[in-house]
Amino acid sequence: MRTLIAAIASTILAMSAAGAAAQTVPASDGVYTSDLMTKWGKEVTPDNAWRSYPRPQLKRERWLNLNGLWDYAIAKAAAPQPTRMDGQILVPYPVESKLSRVARKVTPDDRIWYRRSFTVPQDWAGEHVMLNFGAVDFAATIWVNGAVVGSHKGGFDTFGFDITDYLKPGANELVVQVADPTSAGTQPRGKQILDPSGIWYTAVSGIWQTVWLEPVPKLHIEDVRATPNIDRGVVDVAVALSGWANDTDAVKLTASAGGKVIASTIIRANRRATLAIPNARLWSPDDPHLYDLKAELVTVPDPYAGQDERDRKAYDARFTAGEDRTYAAARVAGAPRDTVDTYFAMRKISIGPGRVTGQPAILLNNKPLFQNGTLDQGWWPDGLYTPPSEEAMKSDLVFLKKAGFNMLRKHIKVEPARYYYDADHLGMLIWQDMPSGGGEDQFVTGTSKSQAVLSSDAMAENQNELAAMIGDLRAFPSIVLWVVNNEGWGQYDSATLARYVKGMDPSRLVDADSGWLDVAPGASDVFDIHTYEDVPNTPARQSARAIVIGEYGGIGMPIAGHIWRPGKKNWGYQVATGEEDYLARFRRKMAGVIRAAREDGLSASVYTQTTDVEDEINGLLTYDRARVKAPPEALSTIAAPLRELP
């Protein structure tokens, strides 16, 4: 009997260590997760999973993090909401990931169900409560206490709902249902695929970024957009509220640096303001200086008070013309009703004369700066789309800076907002890709002469998510270029889309087509080629566009003990035999880039890639970030001539 008890105890302990998934998942439903774990993943617990405030560009003091263990179930689409759940999942890690404690396949016919309870803090009484999601892949419907509060489509953008009317005293029930067709659909999904291999990676489904609650007034600040203009020495600020504002509703803006106020003004709600930033300290990779910005929703005296009919008409005429200055000198009545903290940088990205006559260049702050970057997939062996922790995510940026890179191309994936916050503070330029979509037969080849044909619904979904991505990320100064299409993957009407992006955000550059099918020269700021030859090719010179290499490199080197699938053939463009050979190949490729920069006016290059990813072994780091393929100091030394260009 003692032996039997010991065996049972041993089995229970083993099941606990393996996580809830081992107790409930049929073998046929499992996802291959590998033995690889990052050092940060080994430290993840329900109590420490992603605890930082998830929206650093619109930060409020009070909030409640809902990450942690939730109940979950996976059922067929036609099935009703399960009454009995399958186990527990650790949010915010996707269902297929090891860190979720589930690691199950999700098919297009499945629905993921999440459930948890929460209690609203007592000191939030009388306020509106927002339920916010950092990202859910792909289609989500949300219930609170049995009532549907809203739904959302899109795997990469933030969304939220005012759930005040659905709350009750004490414990409240939150239920989320998610559907995700992955590669069986046409929605933007990046490199996800149901049958991963080579350059296509394990599918990601469900909640994969932070979920949180926060109290706000009924009328509150929803968006603050600060656009710098270094030529004028000002920052233009647009503030959007959650609804209609009265004449007594205003926004106070205060810009500061190092605790010292630089500029302040009061504007009418839902309007724009211009703040002068004298002797501005410009943001750059070498000096990533940021200015703090506080936006406060305040109450001002009624501007109509005491006015006769003629005075009111004159006031309205000035207001309509945008010339009213009453608010700038207004006295604020009472305390701010809503306050958010954000920041901005004084920096400019543009196209202009470069170091080679006749070839336009990418300029930072009106001067040529060669952008030396890596292709950055942003995947993790234990969390897939979700980095194990904020510290883990930041470590990639720290490594790249140490290795001499000043830019990265975030490849057909969108990161949690904290990633861009770290890039802003570390001084890393970012090219942000739009995640690719379309069906498998809508990927045009490198020799194609025409673009893909998508349905109206598929195009609408892509454009909605494109707009949402820009809306979420345009506050981050590290982002300097939007990449609309990658290598013809679901590429359609790229000229129209590039103009659409430029119209939404004229303060940044647009790359209509990275690699392969260049069909939008009049709408794209750059001409972008991909070249994986031993010595990279040089883009043909352009009279009105900068020339860049959007992908090159791809030197593979497997490191024993750090391989995703041991025993299976790995993938890379070429394979080095060891560190010495690796550095020699890197030096040869970099020499080609340096020559093109000096002689042909190349403005930027993107090396493939930051890390190994699943079957790909062409990273500078192993997939688990435990080993470097070459010392970062050596990589930085090889690239030094790019930093010394005039």
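Start at 1 with the first residue, then count along the sequence. Note that the coordinates shown come from a computational prediction; the quantities given were computed from them, not determined experimentally.
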Over all atoms of both residues, closest heavy-atom pair of [X] and [Y]:
X	Y	answer
Ala276	Val234	CA-CG1, 4.1 Å
Val484	Met434	O-CB, 3.6 Å
Tyr420	Ser478	O-OG, 3.7 Å
Ala452	Tyr492	O-CB, 3.6 Å
Ala597	Arg355	O-CD, 3.7 Å
Gln463	Leu497	CG-CD2, 3.6 Å

Are the side chains of [X] and [Y] in touch, meaning some heavy atoms are under 4.5 Å apart?
X	Y	result
Val593	Leu642	yes
Thr386	Leu99	no
Leu620	Val628	no
Pro416	Met393	yes
Val398	Leu426	yes
Asp513	Ser524	no

With a 3.5 Å distance limit and no angle check, can you tell me whether [X] reaches the backbone of [Y] through a side-chain donor-acceptor pair?
X	Y	result
Asp376	His411	no
Gln209	Val136	no
Lys401	Asn406	no
Gln451	Ser494	yes
Arg627	Ile559	no
Gln432	Lys413	yes
Tyr93	Pro388	yes
Gln57	Ala475	yes
Arg508	Pro506	no
Thr374	Gln609	no

Residue pairs passing the salt bridge (charged side-chain N to carboxylate O under 4.0 Å, His left out) test where at least one lies in [range], sequence neighbours excluded:
range	result
residues 519-533	Lys502-Asp525
residues 590-606	Arg541-Asp600, Arg595-Glu599, Arg595-Asp600
residues 387-397	Asp396-Arg625

[X]-[Y] side chain donor-acceptor pair, cut-off 3.5 Å:
X	Y	result
Asp137	Trp208	no
Gln192	Thr202	no
Gln542	Gln359	no
Asp424	Tyr343	yes
Asn67	Thr210	yes
Ser636	Arg643	yes
Asn464	Asp157	no

Salt-bridge criterion met for [X] and [Y] (N-O under 4.0 Å):
X	Y	result
Asp624	Lys39	no
Asp292	Lys294	no
Asp534	Arg588	yes
Glu614	Lys191	no
Arg545	Asp518	yes
Glu579	Lys629	no

| message | What verdict does the side-chain contact (heavy atoms from CB on, under 4.5 Å) test give for Trp431 and Leu509, after you've listed the backbone C-alpha separation in whole Å, the side-chain angles of each residue and the deciding distance to 0.1 Å? | response | CA-CA 9 Å; Trp431 294 8; Leu509 304 181; over 6 Å; no
| field | side-chain contact (heavy atoms from CB on, under 4.5 Å) between Glu551 and Arg409, intermediate numbers included | value | CA-CA 9 Å; Glu551 294 182 26; Arg409 178 183 167 201; 3.2 Å; yes
Which residues pass the ring-ring contact (aromatic ring centres under 6.0 Å, His included) test with [X], sequence neighbours left out?
X	value
Trp571	Tyr573
Tyr201	Trp379
Tyr552	Tyr607
Phe344	Tyr291

Name all residues meeting the side chain to side chain contact (heavy atoms under 4.5 Å, CB included) criterion together with [X]; count only those two or more places apart in sequence or in a different chain, and write none if there are none.
X	result
Ala361	Leu363, Ser603
Val575	Pro558
Asp287	Arg281, Ser284, His289
Pro288	Trp283

| Ring-face cation contact, Tyr419 with Lys410, 6.0 Å cut, 45° max | yes
| said: Below 30° counts as parallel, above 60° as perpendicular, anything between as tilted: where do the rings of Trp200 and Phe443 land? | reply: tilted
| field | Chi angles and distances behind the side-chain contact (heavy atoms from CB on, under 4.5 Å) call for Thr622, Thr611 | value | CA-CA 6 Å; Thr622 55; Thr611 73; over 6 Å; no
| query | Stepwise, does the salt bridge (charged side-chain N to carboxylate O under 4.0 Å, His left out) test hold for Asp236 with Arg272? | reply | CA-CA 7 Å; Asp236 296 314; Arg272 292 178 172 82; over 6 Å; no
| query | Any ring pair (Phe, Tyr, Trp, His ring centres under 6.0 Å) pairs touching residues 611-646, not counting sequence neighbours? | reply | Trp564-Tyr623
| request: Go through the steps for Glu487 and Ser514 under the test side-chain contact (heavy atoms from CB on, under 4.5 Å), then give the verdict. | output: CA-CA 6 Å; Glu487 291 188 349; Ser514 182; over 6 Å; no
